[in-house]
There are 2 protein chains.
Amino acid sequence: MLKEERQKYILDQVHLHHRVLLNDLSEALNVSIDTVRRDVKELHKEKKLKKVHGGATSFGFMTFSKNDGNVYLQSKKIIIAEKAASLLKSGQIILMSGGTTNLELVKVFPRKIELTVFTPSLHIALELMEFPNVEVIFLGGKLLHEAKFAIGGTVVNSLSQIRVDMLFLGTGYLDPKHGLTEFDWEVVQVKKAMIESAKKTVILSVSDKLHSVQRYQTCDLNAIDILITELSPIDAFLDPFREFPIALL
Amino acid sequence: MLKEERQKYILDQVHLHHRVLLNDLSEALNVSIDTVRRDVKELHKEKKLKKVHGGATSFGFMTFSKNDGNVYLQSKKIIIAEKAASLLKSGQIILMSGGTTNLELVKVFPRKIELTVFTPSLHIALELMEFPNVEVIFLGGKLLHEAKFAIGGTVVNSLSQIRVDMLFLGTGYLDPKHGLTEFDWEVVQVKKAMIESAKKTVILSVSDKLHSVQRYQTCDLNAIDILITELSPIDAFLDPFREFPIALL
DNA sequence: ACTAAAACAGCAAATAATTGCAATTCGAAA
DNA sequence: TTTCGAATTGCAATTATTTGCTGTTTTAGT
């Protein structure tokens with residue numbers, strides 16, 4: 001493996017997780033810990049990351065910005081958000097799950113057109129409070145501490161009573177064979193109900209999450225109407241998805 | 001775990017709750033108290049937080065002295081919060097309205113005892129996400145943009161289906177003659193339902209809001225069980241409230 | 001002033017970083 | 001293709017950090 005590749009991998013890991021351990025890198029890259037150490041030292045000198053005792057962190061790790069400082073991933077999400085925002089039309093009733101990509105979408109919401117948004121996500125709801133033109137209805141229930149997301153019968157029940165124009169699903173992993181998958185079973189239940197309530201289902205996903213599978217299935221690809229990634233719709237990476245009735249955006 | 005991660009966690013906690021105890025940090029981070037102490041010492045040197053006996057606080061945190069009559073509003077709210085927190089017992093089911101005083105209460109929530117909290121306030125819910133020992137159920141509904149508070153039939157309806165041990169009402173104006181009053185009619189409806197659902201109603205109010213009246217009445221003073229202010233319970237300012245069956249704290 | 005809790009200082013074990021050196025790889029010139 | 005030299009890599013010995021523990025001193029709240 002080339003040194004360049006190694007260093008790119010290290011940088012990617014740092015950007016993705018904000019911190020890495022030298023031990024993990026050494027194991028993942030199949031090189032001695034000394035080599036990794038030297039790489040990190042070098043990248044530190046080039047100000048590409050911050051070397052710390054036992055590992056490395058991204059710059060901005062110790063700052064308290066809501067966005068995760070991962071420029072690569074972040075910009076992908078913004079591209080996706082812009083595309084998704086173009087689907088919004090005045091008067092629509094929207095349903096939004098949680099996830100950072102959806103949060104990015106909210107940030108680029110139009111300030112002119114009137115919308116109604118249902119959501120079980122604390123973060124989404126809070127962000128939407130900034131928009132006087134958006135009526136926000138929170139789907140209440142027991143909250144998951146990590147995801148800040150309401151789950152359980154109350155949410156599913158509320159969902160069964162509404163019918164929305166469009167659903168933006170922001171998290172989850174997508175695979176041609178296994179469809180949309182999650183690791184939390186409770187969240188899957190809520191998302192299933194969401195899909196039931198929506199006329200159109202839109203998936204927002206960075207390409208990293210394509211061709212990945214998690215434990216529980218939310219739905220198969222036939223249930224999805226529009227798939228938005230940061231890639232151009234003609235990208236070959238998306239080919240396996242073309243055999244389904246999905247609009248690529 | 002990296003030292004940097006630990007320190008970031010400490011800083012996050014300090015910024016979120018204004019203050020932290022070394023013991024809590026030590027337990028949460030699974031390191032000895034000495035390590036936490038050293039971390040805090042270091043962060044203190046870097047002026048990232050303020051080290052105090054037994055813990056740390058953020059810099060913006062107003063300290064107050066007992067003999068100094070000029071007490072800041074924030075400090076008043078913290079005094080109230082401490083008193084209110086002393087009422088909490090393990091296993092209780094709590095109902096909390098919104099308001100900055102209630103938010104202050106959440107920040108000093110005990111980290112040991114198990115609680116269940118119902119709330120229609122985004123801020124309260126979000127803050128409670130930090131407490132693994134607290135189960136949080138959000139009372140969903142249409143959200144008020146300013147107050148970040150859920151109102152409407154859904155909330156009232158949900159409230160009619162629950163019975164809680166204690167209600168902490170954090171906002172509103174209190175007057176011996178006119179009782180508890182608000183300026184938002186929708187909020188009044190929710191608070192009325194809250195009082196109905198609670199075995200005990202506790203009002204958290206800075207003294208500034210006593211002897212003040214707003215447009216709509218939530219309840220009269222007979223509905224209130226405990227009134228907590230930053231004042232000593234024997235303060236003459238509270239005398240007019242003594243003719244009601246209210247415990248002053 | 002007294003007491004319990006917290007802070008501190010010093011020590012030792014564990015872990016990480018650095019340095020020097022030898023073995024290997026890689027690339028350009030003969 | 002071969003060969004030389006520079007760069008890269010792994011290893012071992014040394015040095016530096018980090019961390020938990022000890023006993024002692026200091027502090028805060030009665």
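Just so it is clear, the model here is predicted, and its values are computed rather than measured. Order of the sequence lines sets the chain letters (A, B, ...), proteins ahead of strands, with each chain counted from 1.
Remark: Lys3(B) is in phosphate contact with dT18(D), judged by side-chain N or O atoms under 4.0 Å from OP1 or OP2. Dashed line: the shortest gap from a side-chain N or O of Thr35(A) to OP1 or OP2 of dG10(D) is under 4.0 Å. Taking only side-chain nitrogens and oxygens, Arg6(B) never comes nearer than 4.0 Å to OP1 or OP2 of dT18(D). In terms of phosphate contacts, Asn23(B) brings no side-chain nitrogen or oxygen within less than 4.0 Å of OP1 or OP2 of dA5(C). OP1 or OP2 of dC8(C) lies within a sub-4.0 Å distance of a side-chain N or O belonging to Lys51(B).
The environment of Phe237(A) atom CZ is dense: over 12 non-hydrogen atoms of other residues, nucleotides or ligands sit within 6.0 angstrom.
In this structure, Val52(A) reaches the sugar-phosphate backbone alone: every heavy-atom distance under 4.0 Å involves primed, P, OP1 or OP2 atoms, never a base. Residue Val40(B) is classed as having no contact, given no heavy-atom separation below 4.0 Å to the nucleic acid. If you check every strand for non-hydrogen atoms under 4.0 Å, Leu22(B) touches sugar and phosphate atoms only. As judged by a 4.0 angstrom heavy-atom cut-off over every strand, Asp39(A) is placed among residues making no nucleic acid contact.
Asp34(B) places its CG atom 16 Å from the C1' atom of dT17(D), with the value rounded to the nearest Å. A straight line from NE2 of His44(A) to C1' of dT18(C) spans 15 Å, rounded to a whole angstrom. Look at CG on Leu21(A): it is 12 Å from C1' on dA16(C), rounded to the nearest Å. Following rounding to the nearest Å, Asn30(A) (CG) and dT9(D) (P) show an atom-to-atom distance of 13 Å. Between the C1' atom of dT8(D) and the CG atom of Leu29(A) lies a distance of 15 Å, rounded to the nearest Å. In this entry the distance linking CD1 of Ile33(A) with C1' of dA12(D) reads 15 Å, nearest Å. Atom CE of Met1(B) and atom P of dT17(D) are 23 Å apart (whole Å). Look at NE2 on His53(B): it is 17 Å from P on dT3(C), rounded to the nearest Å.
When distances are taken from the side chain of Ser32(A) to each of dG10(D), dT18(D), dA9(C), the shortest belongs to dG10(D). Candidate nucleotides dT19(D), dA7(C), dC11(D) were compared by shortest atom distance to the side chain of Arg38(A), and dC11(D) ranks first. Comparing dG10(D), dA6(C), dA9(C) by their nearest atom to the side chain of Arg37(B) picks out dA6(C).
Of all non-hydrogen atoms in Met129(B) and Lys148(A), the two that sit nearest each other are CG-CG, 3.4 Å.
For the residue pair Ser97(B) and Asn102(B), a side-chain donor N or O sits within less than 3.5 Å of a side-chain acceptor on the partner.
Using a 4.0 Å cut-off between charged side-chain N and carboxylate O, Lys8(A) and Asp12(A) make a salt bridge. A salt bridge links Glu135(B) and Lys142(A); the closest N-O separation between the charged side-chain nitrogens and carboxylate oxygens is under 4.0 Å.
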